[in-house]
Protein chains: 2
Amino acid sequence: MIRNEQYHQFLRQCGLKVTSTRLLVLDVLMSSSTALSHGDILGKTRGSRLDKVTLYRTLDTFIRHGIVHKVASEDRNWLYALHPIDRNNSVVRGDHAHFICDHCERIYCLPLQTRNSMPAPESEEGFIVRAHEFRLHGICPQCH
Amino acid sequence: MIRNEQYHQFLRQCGLKVTSTRLLVLDVLMSSSTALSHGDILGKTRGSRLDKVTLYRTLDTFIRHGIVHKVASEDRNWLYALHPIDRNNSVVRGDHAHFICDHCERIYCLPLQTRNSMPAPESEEGFIVRAHEFRLHGICPQCH
DNA sequence: ACCAAAATTGCAACAAAGTTGCAATAAATG
DNA sequence: CATTTATTGCAACTTTGTTGCAATTTTGGT
Ligand SMILES: [Mn+2]
Ligand SMILES: [Mn+2]
Ligand SMILES: [Zn+2]
Ligand SMILES: [Zn+2]
């Protein structure tokens, strides 16, 4: 695998030890265009006896190191995804949209087009906004 | 209770039978400025031997009848809330923001100020947007 | 190539949130 | 007040995620 060497470098850059679990999970996440649940990932790693607890911990480590973020899905569990990449191929760590397909339930991370026109809630009520998540519902390209 | 008569009428208007459970749950939801978890609601009804399954079913009924909506919380369980009311005291059934306090974890339903300027994701990619949820993170009025 | 320290992993047991089937109970209608 | 129909409570179960601990693996230095 030629990719493994890249992942190896990448993990070291993040200050993480390189383990087969981490290389495996990184590859699964890299290969997906949508956010994946713990169960999805475990399913895609059958054959490599990866324990569910280890996977939870690996994902958590990735989150703590800013490699991955998680999104609450509509059916009350977490989906994990790498940070999305915008048109200039640069990683978007901050605000981006989550598109939830009402047909297949897949969740996509999409960079936002109009960065400047964010709707704000009624302002005088004393809510201090620090970050936001924009969730879009509809039909994804795969489903029409 | 003078409120009970109003709730009674309201439930009948929705085509629902009036039961003590429904009156109770409706009152709890009406009395809260934030979205409540199943556990929160159960906690506020101690004394009235309300079963957890009955509460789940009652909330589900309210959702199916458009009385209540649910929001995925940061700790992966559902929060339930009546639809918010805007400045003109009219019920907002569609888009509104969810403000999540990073300090107390409470979730508030807030009507949006600028209805017209919604950020859209990259358009040509074939995503058909039908609805959206705007989630704001920050500090709520109670916490500063 | 080998060693020691520190981090990672697998296993078992556990906890919390939510669901299902079914019998008992309560609400609405005439 | 009797009948029909929806609602409720209970027990058992599923799914998702967590905790403690011992065994294994990684890494940096010899
Ligand atoms: Mn995302
Ligand atoms: Mn809401
Ligand atoms: Zn789809
Ligand atoms: Zn707060």
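Within every chain, numbering begins at 1; the chains are lettered A, B, ... in the order of the sequence lines, protein sequences first and strands thereafter. FYI, side chains are in, hydrogens and waters are out, and symmetry mates aren't considered; it's all heavy atoms of this structure.
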Could you give the CG-to-C1' distance, from B:L59 to D:dT7, as a whole number of Å? 14 Å
Mapping B:R49 and B:K17 to their closest nucleotides on DNA chain D, which lands nearer the 5' end? B:K17
Is it true that a side-chain atom of A:H83 and a backbone atom of A:G66 form a donor plus acceptor pair closer than 3.5 Å? yes
Fit a plane to each ring of A:Y108 and B:F127, take the angle between them on a 0 to 90° scale, and name the class: parallel (under 30°), tilted (30 to 60°) or perpendicular (over 60°). perpendicular
Boundaries of the DNA chain C segment in contact with chain B, non-hydrogen, under 4.0 Å: C:dA17 to C:dT29
For D:dT8 and B:T58 - does any side-chain N or O of the residue sit under 4.0 Å from the phosphate oxygens OP1/OP2? yes
Return whichever of A:V53 or B:G39 has its heavy-atom-nearest nucleotide of DNA chain C closer to the 5' end. A:V53
Mind checking if A:T61 touches a base, just sugar-phosphate, or nothing, with heavy atoms under 4.0 Å? nothing
Send over the distance from A:L23 CG to D:dT25 P, rounded to a whole Å. 15 Å
Assign the ring pair A:H38 / A:Y56 to parallel, tilted or perpendicular, where the plane angle (0 to 90°) is split at 30° and 60°. parallel
Which one, D:dT26, D:dA11, D:dG17, comes nearest to the side chain of A:H38? D:dG17
Please determine whether a side-chain nitrogen of the Lys or Arg among A:D60 and A:R64 lies less than 4.0 Å from a carboxylate oxygen of the Asp or Glu. yes
Residues in side chain to side chain contact (heavy atoms under 4.5 Å, CB included) with B:T19, at least two apart? B:T21, B:R22
Whether B:H98 and B:H69 hold their rings parallel, tilted or perpendicular, with breakpoints at 30° and 60°: parallel
Select one nucleotide: of D:dT26, D:dT5, D:dT16, the one nearest the side-chain heavy atoms of A:Y56. D:dT16
Under-4.0 Å side-chain N/O to phosphate OP1/OP2 contact, A:S37 with D:dT16: no
Whole-Å distance, B:L42 CG to D:dT8 C1', equals 14 Å
Using whole Å, what does the distance between atom C1' of nucleotide D:dA6 and atom CZ of B:R12 come to? 12 Å
Just to be sure I understand the rule, does B:T54 reach a base, reach only the sugar-phosphate, or reach nothing, if contact means heavy atoms closer than 4.0 Å? base
Looking at D:dT8, D:dT18, D:dT27, which one has an atom nearest to any side-chain atom of B:R57? D:dT8
Nearest-nucleotide check on DNA chain D, B:L16 vs B:K52; residue mapping nearer the 5' end is B:L16
Just the rounded figure in Å: distance from P of D:dT7 to CZ of B:F62. 11 Å
Quick one: pull up CG in A:D102 and SG in A:C140 and give me the separation to the nearest 0.5 Å. 10.0 Å
Walking DNA chain C from its 5' end, the first of A:D51 and B:W78 to be reached, judged by nearest nucleotide, is A:D51
